[in-house]
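Take a look at the structure below.
So you know, we letter chains A, B, ... as the sequences are listed, proteins then strands, and number each from 1. Note: hydrogens, waters and symmetry copies are ignored here, and every other heavy atom, side chains too, is used. Every value quoted in this text rests on a predicted model; they were computed, and no experiment measured them.
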2 protein chains.
Amino acid sequence: MKKNMDCSLSLPSKSTEERIREAAKRVFLEKGFDGATSRDIAEAASINIALTNYYFRSKEKLFMNIFEEMLQLFFNGMIDIMNHPISLREKIAELINHDFQLMKENPSLSLFVMNEIHRNPDRMASCMGVMKQIHHSMFEEQLQKEVNLGTIREISAIHLMPMIFCNIQFLFIGKAMHMKMWQMTEGQFDEFADKHKNLVIDMITNYLFEFEKA
Amino acid sequence: MKKNMDCSLSLPSKSTEERIREAAKRVFLEKGFDGATSRDIAEAASINIALTNYYFRSKEKLFMNIFEEMLQLFFNGMIDIMNHPISLREKIAELINHDFQLMKENPSLSLFVMNEIHRNPDRMASCMGVMKQIHHSMFEEQLQKEVNLGTIREISAIHLMPMIFCNIQFLFIGKAMHMKMWQMTEGQFDEFADKHKNLVIDMITNYLFEFEKA
DNA sequence: AGTTTTTTTAAACAAATGTTTAAAACAGTG
DNA sequence: CACTGTTTTAAACATTTGTTTAAAAAAACT
């Protein structure tokens, strides 16, 4: 196999392998593993059908390649923030802001991840390492410390984390539904989501830090 | 077409049509439209392949039949509660409790609905009437009234409703992920979800009714 | 009984899908 | 240039998929 070493001047003209990956990413995210066909991907990448298997051996292998990248994208950012040496209050706001940005840039990421894990939980096996990092992040102890100090309500990470992530992700998981339901345009949805994000930060921090209110 | 009028004595022996519907419901909810095959459904219903089309003409028609029922199940209960003549505080708790019960009995309902709407938003067209009911329920005016009275924070229904529903539904949308992530058994998940439900009721009402705290 | 209508069955159909083949086009090296 | 390995192509392959057919079985009716 020869890689495109020529990263010199002129138009970069991405390698075929990368073209396939990018097309596959788009198609899988939009249609899911079951809904996406090899020909969909080939067409989206403007390449011959046989090339998907030439480079990735099978649809399943190509999918796993994309899926693992998506799981990284889904978890890595939040893990980084959880390990930042900042206050809990800042951290929660940061986590929600990051989640919002991630969803804004990848509106179907959450639905895609949830769906594929639901359909085939074993596929997550290769990424169990990433999930373990959540357990062993600074977040759990930081939270426990604040609880012990009495600065926040008594709550465990297993309950706080879904609270932090559900609000933004649910908006995008149900984006099509919300837009139909409230008859929003794309622009109106963005505006709505942005406002919602701030409300959610407000709600969670207010709930958590109940004792140190104005 | 002859219906099974014999609802007299002896074993009821559901009509073939109903057997197909029940099997299709199970299979579609678990695998989605794209992932479910006609043969999957026929096998789950223990009937001949040709019968699915004999009774429902096509996979698409059978799916829409099920999908519409699922949309009703998804929305009707919440609409009923939104129209109950009870206090806002009670109503929010009722909505969350109902959502929890619904998700407990149909763990993959929310993911299924979100997914199919995302893949094909037009399919929701037949159920736009149901959605309009949400707009015209007592909920929006009741909320606005409380805001005007100053008993609750200023917030609109379009923001409060996702807050109410996201927490429980996200738990079940990501049930497989949560269970893997925190290494929970089915029983532990139920316990976790139940506790979470109460936390969420607490958080939302505390946030909303900030002025009438102890 | 016989006749007609409804339901069920096995088999087949055409189209779509993941994958492979074998040859052509390309690129690099001597 | 010829030679070698790599990449791309069109065509084909075997399965699977949704759907239909035509006959058999069951039920309903007279």
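The CG atom of A:Leu51 sits 18 Å away from the P atom of C:dA24 (whole-angstrom rounding). Rounded to a whole Å, the CG atom of B:Asp34 is 11 Å from the P atom of C:dG18. Rounded to whole Å, atom P of C:dT8 lies 14 Å from atom CG of B:Asn53. Put simply, CD1 on A:Ile47 is 14 Å from C1' on D:dA10, counting in whole angstrom units. Atom NZ of B:Lys59 and atom P of C:dA14 are 21 Å apart (whole Å). Taking atom CD of residue B:Glu17 and atom C1' of nucleotide C:dT6, one finds them 13 Å apart after rounding to whole Å. As rounded to whole Å, 14 Å separates atom C1' of D:dT7 from atom CZ of A:Phe56. In this structure, A:Asp40 atom CG and C:dG18 atom C1' are separated by 13 Å, rounded to whole Å.
Remark: side-chain polar atoms of A:His178 are paired, donor with acceptor, to backbone N or O of A:Gly174 under 3.5 angstrom.
The distance from atom CE of B:Met114 to atom CG of A:Leu111, rounded to the nearest 0.5 Å, is 9.0 Å. Remark: B:Thr185 OG1 to B:Met179 CE distance equals 6.5 Å, nearest 0.5 Å.
Using a 4.0 Å cut-off, no side-chain N or O of A:Thr52 falls inside it from OP1 or OP2 of C:dT19. The phosphate of C:dT8 has OP1 or OP2 within less than 4.0 Å of a side-chain N or O from B:Thr16. Between B:Ser38 and D:dG18 there is a side-chain polar atom (N or O) within less than 4.0 angstrom of OP1 or OP2. Between A:Asn48 and the phosphate of D:dT8, there is no side-chain N or O to OP1/OP2 separation shorter than 4.0 Å.
Between B:Phe28 and B:Phe33, the ring-plane angle classifies as parallel under the 30° and 60° cut-offs.
Of the candidate nucleotides C:dA12, C:dT21, C:dT19, C:dT21 has the atom lying nearest to any side-chain atom of A:Ala50. Distance from the side chain of A:Thr37 is smallest to C:dT17 among D:dT8, C:dT17, C:dT9. Distance from the side chain of B:Tyr54 is smallest to C:dT7 among D:dT19, C:dT7, D:dT9.
As judged by a 4.0 angstrom heavy-atom cut-off over every strand, B:Ala42 is placed among residues making no nucleic acid contact. Counting non-hydrogen atoms under 4.0 angstrom, A:Ser58 reaches the backbone sugars and phosphates but no base.
The pair A:Lys31-B:Asp34 fails the salt-bridge criterion, with no side-chain N (NZ, NE, NH1 or NH2) lying under 4.0 Å from an Asp/Glu carboxylate O.
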